[in-house]
Amino acid sequence: ARSFTFSSRFVSQNNRRIVITRAFSDSGNGGSSEAPSFYDDIFETGNNSPPIHPTSTPPSPPESSPSPSSDFLNSASSETKSFLSAASKGTGSRDFLETQQESLRAITDEIYQMAGKEFNLNSPTQLGLVLYGIKNGGSTAKETLEAMAGAGNPLAGKVLKYRALKSSIKRQEKQEERMVERRKLAAQNEERRATATPTASSTPNLKDNFTSGRDPLLLIDASAYIFRAYYAMPPLHRSDGTPTGAVLGFCNMLNRLVMERLLRGERPRLAMVFDAKGDNFRHKIYSEYKANRPPCPIDLVPQFPLIRSLASAYGVQQIEASGYEADDVIATLSVRGRKEGVNVNVVSSDKDLMQLVTPMGEEPSVHLIDPMKQIRVDENVVRDKWGVGPEKLGDVLALAGDSADNVPGIKGIGPKIASALIEEYGDLEGLLKGAEGIKQKKRRELLVEGKEVARLSRRLVELVTDVSEEHIVGMEGVDVSELRMEELNEERLLNFYEEMGFRDLRKRMKNRFGIEGRRPSTGTKTG
């Protein structure tokens, strides 16, 4: 049986209060014996196993769980079942797209018949005239159309279906375009590997490439993940009132990442990287760096030292560097790890860290792992998202800026324009040198006037890959390839769960450890 905790939050939108209710299952908080396949794949490097892409689906529900579409599947014809099977396997996508396009044409004809005339369905003005009978008679936004459809307006319902189909077709077309591009890139990489001649300077000296490939180094961007865990979890507290939601979220993530391996007696390569206290060198370059960030939530502040205690309980090394950000330390360790012949998986979704991702097929590799979305970020994912490869992402970020970190960029130039310009001119400096020759007047003026701001922004988004050893704290005298967790200390971990009040999690882990007879926990039921 699965149990759930519900969390409701109120969101203000257009003077309306909307209640958002989320369900949190406690069956996956480290206690399940069946870890999601995504987390198993993390320890198989992206180049030695099939990469996970954003189109990957989460694990299927247990067979005993009712399927929302079971009635439909049971009554579907054999032809329909065959079509769905082909689509689920990634085949037959062209038939699916053609079916959607035919449906779009049919529903468009129905709308025209109901309206009594043809008109531009994508024009809010023309659609509003049809719906209300007068020009500017009302909104054609989704919320309004849903209300009208709920009140019995059939035309509004048809328009909603039209929009949903059109969006689905666009997504399908983009997916096919990406697949074509990926095949081209894969073919190019295969051709490059086939014709390349390994040299002592270009090929790492690996003592055991297979072992290194199957045992990559996981670097957790701890400071960033704390915030993600905080916002993903309901507001939990232990018996003395101390907030613990983010701590539990962190425990869940670590258990999914490493618990199976720890129980097998392994010591995974893994380290948690933190931001050091105080300003870093970027504040000296630009005093307004990250100046626009709101204060840390008051109930998250006391959880930072608890995350440190969590790392100790799990036997994870904690690394930071004074005067640098966690991103710089991760970049440095990634470069050093590759030199030592180790593949690196960075547990983070930070776009700045995407600059570290290595080309497809290159070994040793660096990939990002997003534990929330459960995707592996490789070179193809970066290209799909930003329009350029990881090696040019810093130039794009410098042009577009970053409101989260208060990196100024050039106002008026967004990521899409930035990526197109960088692809055309090669890099940021090439673009700035050729800015006078850009035909579009407004764009030319922005680039000419913003040259120095762009160069400043480039320095801010650049990752430091050579932080000196004397600045790095937490791995003194240890090679990157030797950054491993301690052997599982069951007693220490269970005591930490009890201290945090994670009663359910502690009980489940005791069962997994095969431990009986311990005195029951007195903590509140939050896990």
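All values below were derived from every heavy atom in this structure, side-chain atoms included, with hydrogens, water molecules and symmetry-related copies excluded. Everything quoted here is computed from the prediction, not taken from an experiment. Note that the numbering runs from 1 along the sequence shown for the chain.
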* To do: Mind jotting down which residue pairs meet the salt bridge (Lys or Arg N to Asp or Glu O under 4.0 Å) criterion with at least one end in residues 286-298? Sequence neighbours excluded, please.
  => K290-E325, R293-D405
* Asked: How far apart are the C-alpha atoms of C296 and F227, what are their side-chain angles, what is the distance that settles it, and do they pass the side chain to side chain contact (heavy atoms under 4.5 Å, CB included) test?
  -> CA-CA 9 Å; C296 180; F227 281 89; 4.2 Å; yes
* Asked: With a 4.5 Å heavy-atom cut-off, do P297 and Y231 have their side chains touching?
  -> yes
* Asked: Among all residues two or more places apart in sequence or in another chain, which pass the ring-ring contact (aromatic ring centres under 6.0 Å, His included) test with Y324?
  -> F281, H471
* Side chains of D279 and Y289 in contact at under 4.5 Å (non-hydrogen atoms) -> no
* Non-hydrogen side-chain atoms of R267 and L262 separated by less than 4.5 Å -> no
Sequence neighbours left out, cut at 3.5 Å: what donor-acceptor pairs do the side chains of residues 386-399 make with other protein atoms?
unit_1: K392; atom_1: NZ; unit_2: E423; atom_2: OE1; d: 3.3
unit_1: D395; atom_1: OD1; unit_2: R458; atom_2: NE; d: 2.6
unit_1: D395; atom_1: OD2; unit_2: L428; atom_2: N; d: 3.3

* **Pairs meeting criterion salt bridge (Lys or Arg N to Asp or Glu O under 4.0 Å) with involvement of residues 299-310, two or more places apart** => R308-E320
* Under the ring-ring contact (aromatic ring centres under 6.0 Å, His included) test, which residues partner F513, sequence neighbours left out? -> none
* To do: For P415 and A400, work out which heavy atoms get closest and say how close.
  => N-CB, 3.8 Å
* After noting the C-alpha distance and the side-chain angles of D384 and V381, does the key distance pass the side chain to side chain contact (heavy atoms under 4.5 Å, CB included) rule? -> CA-CA 5 Å; D384 287 345; V381 176; 5.5 Å; no
* Asked: When you look at D479 and R336, which way does the salt bridge (charged side-chain N to carboxylate O under 4.0 Å, His left out) test go after all the steps?
  -> CA-CA 9 Å; D479 290 337; R336 287 171 55 183; 5.6 Å; no
* Structure fact -> For S403, the side-chain contact (heavy atoms from CB on, under 4.5 Å) test, sequence neighbours excluded, returns none
* To do: Measure the CG-OG distance between D327 and S334 for me, rounded to the nearest 0.5 Å.
  => 10.0 Å
* Asked: Considering only heavy atoms from C-beta outward, does the side chain of L353 approach that of I330 to under 4.5 Å?
  -> yes
* Taking all non-hydrogen atoms of both residues, which atom of M509 and which atom of L494 are closest, and how far apart? -> CB-CD2, 4.2 Å
* Pairing of D328 and R282 as salt bridge, 4.0 angstrom limit -> yes
* Asked: Can you find a side-chain donor-acceptor pair between S349 and R228 that sits under 3.5 Å?
  -> yes
* To do: Report the residues that fulfil side-chain contact (heavy atoms from CB on, under 4.5 Å) with S322, sequence neighbours left out, ordered by chain and then residue number.
  => none
* Charged N-O contact under 4.0 Å between R484 and D215 -> yes
* Hey, is the main chain of R238 close enough, under 3.5 Å, to the side chain of T242 for a donor-acceptor pair? -> no
* To do: Go through the steps to decide whether R512 and M259 satisfy the test side chain to side chain contact (heavy atoms under 4.5 Å, CB included), and finish with yes or no.
  => CA-CA 10 Å; R512 293 191 71 182; M259 188 52 68; 3.8 Å; yes
* To do: Only counting residues at least two apart or in another chain, list the ones meeting side-chain contact (heavy atoms from CB on, under 4.5 Å) with V453.
  => P408, S457
* How long is the gap from NZ on K510 to CG on L493, to the nearest 0.5 Å? -> 13.0 Å
* To do: Report the distance from atom CZ of R508 to atom CZ of R503, rounding to the nearest 0.5 Å.
  => 12.0 Å
* Structure fact -> Rounding to 0.5 Å, atoms OG (S365) and CD (E379) come to a distance of 12.0 Å
* **Greater than 12 external heavy atoms within 6.0 Å of R459's CZ** => no
* Does a side-chain N-to-carboxylate-O contact under 4.0 Å join R376 and D370? -> no
* With rounding to the nearest 0.5 Å, note down the distance linking CG in N345 to CD1 in I369. => 4.5 Å
Side-chain atoms of residues 218-226: list all donor-acceptor pairs with protein atoms under 3.5 Å, sequence neighbours left out, distances to 0.1 Å.
unit_1: D221; atom_1: OD2; unit_2: S348; atom_2: OG; d: 3.3
unit_1: S223; atom_1: OG; unit_2: D275; atom_2: N; d: 2.8

* To do: Could I get the full list of side-chain contact (heavy atoms from CB on, under 4.5 Å) partners for N292, not counting sequence neighbours?
  => N406
* Asked: Are any non-hydrogen side-chain atoms of I319 and L333 less than 4.5 angstrom apart?
  -> yes
* Pairing residues for E487 by the salt bridge (charged side-chain N to carboxylate O under 4.0 Å, His left out) criterion, not counting sequence neighbours -> none
* Side chains of P302 and P243: does their closest heavy-atom pair fall under 4.5 Å? -> yes
* Asked: Given D378 and R383, is the salt bridge (charged side-chain N to carboxylate O under 4.0 Å, His left out) satisfied, shown in steps?
  -> CA-CA 9 Å; D378 58 17; R383 288 185 182 278; over 6 Å; no
* Exercise: do Y314 and N255 side chains pair donor with acceptor under 3.5 Å -> yes
* Asked: salt bridge (charged side-chain N to carboxylate O under 4.0 Å, His left out) with D466: which residues, sequence neighbours excluded?
  -> none
* Asked: Under the salt bridge (charged side-chain N to carboxylate O under 4.0 Å, His left out) criterion, do E498 and K507 qualify, and how do the steps go?
  -> CA-CA 10 Å; E498 183 172 13; K507 181 179 179 180; over 6 Å; no
* Does V258 offer a backbone N or O that forms a donor-acceptor pair with the side chain of E260 under 3.5 Å? -> no
* Side-chain heavy-atom pair C251, L505 within 4.5 angstrom cut-off -> yes
* Asked: Roughly how far apart are R269 CZ and N343 CG, rounded to 0.5 Å?
  -> 9.5 Å
* Does V461 offer a backbone N or O that forms a donor-acceptor pair with the side chain of Q355 under 3.5 Å? -> yes
* Asked: Can you tell if the side chain of V247 reaches within under 4.5 Å of the side chain of F502, non-hydrogen atoms only?
  -> yes
* **CA sep, side-chain torsions, deciding dist, call: R338, E362, salt bridge (charged side-chain N to carboxylate O under 4.0 Å, His left out)** => CA-CA 11 Å; R338 293 188 68 213; E362 186 168 302; 2.7 Å; yes
